[in-house]
Amino acid sequence: MAEAMNPGMPKEWHRSRWCGQLRAEDAGQPVVLNGWVNRRRDHGGLIFLDLRDRTGIVQVVLNPEISRDAYEAGQALRPEYVVGVRGRVQRRPAGTENAELATGQVEVQATDLLIFNASKTPPFAVAENQAGPQVDETVRLRYRYLDLRRPSMYQILELRHRVVKAVRDYFDAHGFLEVETPMLTRSTPEGARDYLVPSRLHPGAFYALPQSPQLFKQLLMVGGIERYFQIARCFRDEDLRADRQPEFTQVDLEMSFVDAQDVQDVVEDMMVTVFHRVLGVEIPRPIPRLTWADAMARFGTDKPDLRFGLELVDVSGLVAQTQFQVFRQALEKGGQVKGIQAPGCARFTRKEIDALTQEIAVFGAKGLAWIAIQPDGQRHSPIARFFSEGELQALQGALQAGPGDLMLFVAGPPTVVAQSLGYLRNRLGHQLGLVEPGAYRFAWVVDFPMFTYDEEEKRLVAEHHPFTSPKDEDLPLLDSAPEKVRAKSYDLVLNGFELGSGSIRIHRREVQERIFRAMGFSPQEAGEKFGFLLEAFEYGTPPHGGMALGVDRIIMLMSGRDNVRDVIAFPKTQSATDLLMEAPSEVSPRQLQDLHIRVALAPQAAVAGK
RNA sequence: GGCCCGGUAGUUCAGCUGGUUAGAACGCCUGCCUGUCACGCAGGAGGUCGACGGUUCAAGUCCGUUCCGGGUCGCCA
């Protein structure tokens, strides 16, 4: 057997070529390969190995007539054994080429075989085949190092690397400086829940991990950096989603002496460049732009998916005088009635429509009104009798509904209507196959409201963040009607996902103080929490603004995945645990003592939480 | 915090209105096989039905609690 006790990595076993690169023109070449056994096909007198490295797979032939030793060593091989192969590339015998494999024209005739390391039978097959069942994500995460060996996972990590590289190259070429900012910083009010780090040297005090480098990048502008960017890790201790991890990566940038359009131009150019360079996809420019108010009115969301139509139509005016109490009362209470037209859906069963009604109940929708127009033009609807023929005609006209179509209406407060119909639009768009396949439909959403009213806290909170500049023309409204103030803020949206958001920042102390006041901060509070920023503004702060884009979501969309866990090497579960490292974990009493921390749980309760 | 879905062999799953010894495929082990490539053929091993409690003559199956994973609403400046 060629296997030694500890073969290490002798010089003569260093790879000379990558498995996935061998081609017909390499025939006759001596090669050394390193990799993992993907599969083994033992024909008794002849063994075929599929040898895998990160570039791909090549077939190795172990033939006792070429090398008795290599052949015998090959008997022991199993999937995921790590081996070195020395041999010669040769064209495969006519008729045995494999068109499925990039290297399928050739194979490597082995003269020597070295087992670097054996492998237990893996809990799931690393070798991927297209028809095979998907392995449960829990198992994949527990053995992530095996999962990462799968070519589909490697390809995502490589894509991610290419994108980040392209981003760095772009900013470098455009005069931006990458600057690192602290991970141990201070907790600030507003925003997400912080991850806290207890201080050993300062009993009772805590650092916070950054939710974003927001304040540091503004201070860098005060510091005269002028053009900053960073591939920045951010932390938010909030509940997880398919597109949300507790730690995530942003492309963060900030620029001085710019307006909103300047920042958008840079980001747009950067994204177009990255998509071109990495995917070879040409994003049409300019990226369409709509105001927040338009987006909410037409799509019911601030992150519209523009890959299909199905826009919302406001029919409040058409039904203002209707006999239908549900609609009229909603309008009398200051609400809206809006609808969408589902093409060809007149055939929906009562059960299907009930299901839709059920689904929008979570948004507070009291019901879903519907009118189906049968192919023969007959209307089928539980509510049609409350409307005059003229009203029905008008509704059909407004929704452009014809025979075979289904009209769906929601009445209620504007947010309920928007959320419900926005949800139905997305659901039906996918269900009816209206989504343009393979498309990347970007959109800018601009002019967000400055504040939203927080029902829990009974006060205004910043829609973007408290450092966002109001629009100049709305500044007078700040004291009289703050809820009407629009911000110099903008989001970049792709296929219904928010990729990032940014704004022009406040750079003058008195404006910043007015914003804090509008949010209900006393001057003392503002000074305690953000005194350093207000002070910085007194030393010559340039006008500035910037943006932050979610790398994980970008890669998720570029790789066609439906969750960000697949594009992160070591992601966390929905309950924010790491199944491989088993984090978070308890720590020793000594560690807690050093940190002046006493856990307020009974020891058993602390364990039960695990 | 709420709602929904799931947890059965290493993996992916089936298991009906509760009823004999819980099955299949792949994987694994043994043997055979010199042109396969999801190799093939023959044989074999492999189960805390997530956990705990309850109902019952009898529970993978019904009920309750709980843990884990996923989706989603709230939350995420």
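What you see below is based on every heavy atom in this structure, not just the backbone, and it leaves out hydrogens, waters and symmetry mates. Numbered from 1 within each chain, the chains take letters A, B, ... in sequence-line order.
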| task | Give me the residues of residues 414-430 of chain A where at least one heavy atom lies under 4.0 Å from an atom of RNA chain B, by number, or none. | result | A/Gln419
[X] has a side chain; which of [options] sits nearest to it?
X	options	answer
A/Ala192	B/U36, B/C37, B/C76	B/C76
A/Asp50	B/U72, B/C37, B/C29	B/C37
A/Arg236	B/G27, B/C76, B/U36	B/C76
A/Glu238	B/U34, B/C76, B/U36	B/C76
A/Pro64	B/U34, B/U36, B/G71	B/U34

| Given RNA chain B, 5'-ward residue of the pair A/Glu463 and A/Arg241, judged by closest heavy atom | A/Arg241
| note | Its contact letters, B for base, S for sugar-phosphate only and - for none at protein heavy atoms under 4.0 Å, make nucleotides 6-13 of chain B read ----SSS-
Set of residues satisfying ring-ring contact (aromatic ring centres under 6.0 Å, His included) with respect to [X], sequence neighbours excluded:
X	answer
A/Tyr490	none
A/Phe48	A/His43
A/His507	none

Answer yes or no: does a side-chain N or O of [X] lie under 4.0 Å from OP1 or OP2 of [N]?
X	N	answer
A/Arg41	B/U36	no
A/Arg78	B/C29	yes
A/Arg244	B/G71	no
A/Thr573	B/G69	yes
A/Thr577	B/G69	yes
A/Gln574	B/G71	yes

| message | Taking the C1' atom in each of B/A45 and B/C26, what is the distance between them to the nearest angstrom? | response | 16 Å
| request: Pick the C1' atom in B/U65 and in B/A24, then give their distance to the nearest Å. | output: 33 Å
| message | Can you tell me whether the side chain of A/Glu455 and the base of B/G74 have a donor-acceptor pair closer than 3.5 Å? | response | no
| request: Write down the atom of A/Leu421, the atom of A/Ile340, and the distance for their closest heavy-atom approach. | output: CD2-CG1, 4.3 Å
| field | Check ion pair A/Glu457-A/Arg459 (N to O, under 4.0 angstrom) | value | yes
| message | Out of the candidates A/Val60, A/Leu77, A/Ile47, only one should pair with A/Leu113 under the side chain to side chain contact (heavy atoms under 4.5 Å, CB included) rule; please name it. | response | A/Leu77
| request: Quick one: look up who B/G53 pairs with, Watson-Crick or G-U, both distances under 3.5 Å, and put none if it's unpaired. | output: B/C63
| query | For B/G6, what is the paired nucleotide under Watson-Crick or G-U wobble rules, both distances under 3.5 Å? | reply | B/C68
Tell me every residue that passes salt bridge (charged side-chain N to carboxylate O under 4.0 Å, His left out) with [X], counting only those two or more places apart in sequence or in another chain.
X	value
A/Asp112	A/Arg86
A/Asp147	A/Arg140, A/Arg144, A/Arg150
A/Arg553	A/Asp243
A/Arg41	A/Asp50

| Which residues share a side chain to side chain contact (heavy atoms under 4.5 Å, CB included) with A/Leu184, sequence neighbours left out | A/Val197, A/Tyr207, A/Leu209
| Would you call A/His43 stacked on B/U36, i.e. ring centres under 5.5 Å apart with the planes less than 30° off parallel? | no
Check nucleotides 2-4 of chain B against the protein and report each pair of N or O atoms closer than 3.5 Å, with its distance, or say if there are none.
none

| message | According to side-chain hydrogen bond (donor to acceptor under 3.5 Å, both in side chains), who are the partners of A/Asp53, at least two apart in sequence or on a separate chain? | response | A/Thr55
